[in-house]
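Here's the structure, in structure tokens; my notes come after.
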Amino acid sequence: MIRVSHLHCGYPGRPVLRDVNLHVERGEFVGILGPNGSGKTTLLLALTGYLRPDSGTITIDGRPLEELSSRQRAQKTAVVLQDSQVRFPYSCAEVVAMGRYPHQDRWRGPTPRDAEVVQWAMECTHTLELADRPISATSGGERQRVMMAKALAQETPILLLDEATSAMDVHWRLKAFELFQQLQRHQRKTILAILHDVNLAAVFCPRLVFLKDGIVAADGPTRDVLTPATLERVYHSPALVYDVPENGTRQVFFVPEEQGTPS
Ligand SMILES: Nc1ncnc2c1ncn2[C@@H]1O[C@H](COP(=O)(O)OP(=O)(O)OP(=O)(O)O)[C@@H](O)[C@H]1O
């Protein structure tokens, strides 16, 4: 579904990603982790077509990204950013409805199906009660839920999340990730989620990709790559890794330097 080959990408005068290779199949839920500045957002921006590669290729369903029009790209990929700015005081319902633009005919306007999808997206993100509120009058966590609803309303096979739940409390963050998991399992959506919370990633993402200094430092099934060795190599922080028998996941405890690692 998504194939990134020998990707070099960055900003004018600042190369970031170096020879990144990544192949993601339809229906995968991949966590993208790594230290600040390691290139996670740069990779996501390259996947949306916002940043053009310096070299290398990105294909979606076998088609090079640069061959797709912006409308075609928006039909394939929806993005939820950590902090989306909406300049005008649109209501939350209007913001969610913007997710339908890539499917709409400019001359016909919204159809009953558009309204149904918007209603569905707001129901499953619990944002209906915010429908008439100006987006500028919502809290950070509420705004992230509205932007999630907009991305769902876009009805794309691929969902890219960049710290999309960072402003949410524990309850809403878990609800959001449970929803992503349902979309992955029942609609076979392909989800790439940039996260700093290694433990959240370990619970929901069966595959993890660690970036470090613009290269892929580790990529594989969560159980294989979530090891003290990988974490120490990527974050330079000693870590203890535990198996949680109750749900079959792994969890990590980063050990503050001065406490040392218990023997
Ligand atoms: N618009 C820009 N122009 C120039 N350099 C940039 C720009 N945006 C990011 N960078 C630089 O590119 C590098 C990678 O940034 P990127 O945002 O991809 O990192 P990240 O892994 O997402 O980091 P974080 O965890 O802090 O969000 C960093 O060194 C950053 O300073």
Side-chain angles (χ1 to χ4, degrees), residues 2-24 28-58 60 65-66 70 73 77-87 140-141 143-145 147-148 151 158-168 173 176-177 180 190-205 207-220 222 225-226 230-239 252-254 256:
I2 301 172
R3 191 178 283 275
V4 175
S5 305
H6 303 293
L7 178 69
H8 292 252
C9 189
Y11 308 90
R14 180 179 276 275
V16 177
L17 300 176
R18 294 179 290 141
D19 200 29
V20 168
N21 293 289
L22 186 67
H23 180 207
V24 180
E28 278 199 87
F29 193 165
V30 183
I32 312 277
L33 298 126
N36 291 138
S38 55
K40 303 179 296 295
T41 299
T42 305
L43 175 61
L44 184 133
L45 294 177
L47 291 173
T48 62
Y50 180 81
L51 280 181
R52 288 182 79 86
D54 298 322
S55 62
T57 55
I58 300 174
I60 295 185
L65 199 55
E66 70 269 13
S70 54
R73 289 200 300 259
T77 305
V79 186
V80 189
L81 301 171
Q82 180 174 359
D83 187 18
S84 303
Q85 299 296 334
V86 180
R87 286 181 200 285
R143 193 155 54 249
Q144 284 188 330
R145 283 202 339 263
M147 300 319 286
M148 248 173 75
I158 301 170
L159 201 50
L160 302 178
L161 311 170
D162 190 351
E163 281 290 327
T165 63
S166 57
M168 293 183 198
R173 188 173 293 181
F177 270 81
F180 298 141
T190 306
I191 304 179
L192 271 70
I194 295 176
L195 290 153
H196 280 300
D197 185 338
V198 182
N199 287 326
L200 189 67
V203 171
F204 288 98
C205 305
R207 174 179 169 193
L208 299 180
V209 173
F210 285 91
L211 287 181
K212 181 172 167 57
D213 300 330
I215 63 166
V216 175
D219 175 4
T222 300
V225 293
L226 200 61
T230 308
L231 295 165
E232 171 114 41
R233 187 156 51 88
V234 171
Y235 294 106
H236 297 298
S237 295
V252 175
F253 176 68
F254 286 102

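Atoms considered below: every heavy atom in the structure, side chains included; atoms not considered: hydrogens, waters and symmetry mates. Order of appearance sets the numbers: ligands from 1, and atoms from 1 within every ligand.
For the ligand labelled ligand 1, residue Gly34 lies outside the 4.0 Å heavy-atom shell. At a 4.0 Å cut-off, not a single heavy atom of Gly13 sits close enough to ligand 1 to count as contact. Heavy-atom distances between Glu163 and ligand 1 stay at or above 4.0 Å for every pair.
In this structure, Thr222 and Arg207 approach most closely via the heavy-atom pair OG1-N, 3.4 Å. The shortest heavy-atom contact between Ala164 and Val80 is CB-CG1, 3.6 Å. Minimum heavy-atom separation, Gly34 to Tyr235: N-OH, 3.2 Å. Smallest separation of non-hydrogen atoms from Val24 and Val30: CG1-CG2, 4.0 Å. Looking at every heavy atom in both residues, Leu17 comes nearest to Gly39 through CD2-O, 3.5 Å. Contact record, Glu163 with Gln144: O-NE2, 3.5 Å, taken as the closest heavy-atom pair.
Nearest protein heavy-atom neighbour of atom 25 (O) of ligand 1: Lys40 NZ, 2.7 Å. Atom 9 (C) of ligand 1 has Tyr11 CE1, 3.5 Å as its closest protein atom, hydrogens excluded (heavy atom only). Summary of contacts: the protein heavy atom closest to atom 27 (O) of ligand 1 is Thr41 OG1, 4.2 Å. Regarding atom 29 (O) of ligand 1, its nearest protein heavy-atom neighbour is Arg14 NH1, 3.2 Å.
Within ligand 1, the atoms closer than 4.0 Å to a non-hydrogen atom of Pro35 are 21 (O), numbered from 1 in the order shown. Close approach to His196 involves these atoms of ligand 1, each under 4.0 Å from a residue heavy atom: 25 (O). Below 4.0 Å from some heavy atom of Thr42 lie the following atoms of ligand 1, by number and element: 14 (C), 15 (O), 16 (P), 18 (O). Residue Val16 approaches ligand 1 through these ligand atoms, each under 4.0 Å from one of its heavy atoms: 12 (O), 13 (C), 14 (C).
Ligand 1 has an N or O atom lying under 3.5 Å from an N or O atom of Gly37, backbone or side chain.
Taking the six-membered ring where tryptophan is involved, the planes of Phe177 and Phe204 are tilted, since the angle between them lies from 30° to 60°.
Listed for the Thr230 side chain is a donor-acceptor partner under 3.5 Å among the backbone atoms of Val225. Of the possible polar contacts, none joining the Arg143 side chain to the Asp83 backbone as a donor-acceptor pair under 3.5 Å is found.
At least one protein heavy atom sits closer than 4.0 Å to atom 2 (C) of ligand 1.
Atom 26 (O) of ligand 1 has its nearest heavy-atom neighbour, among Leu33, Asn36, Leu51, in Asn36.
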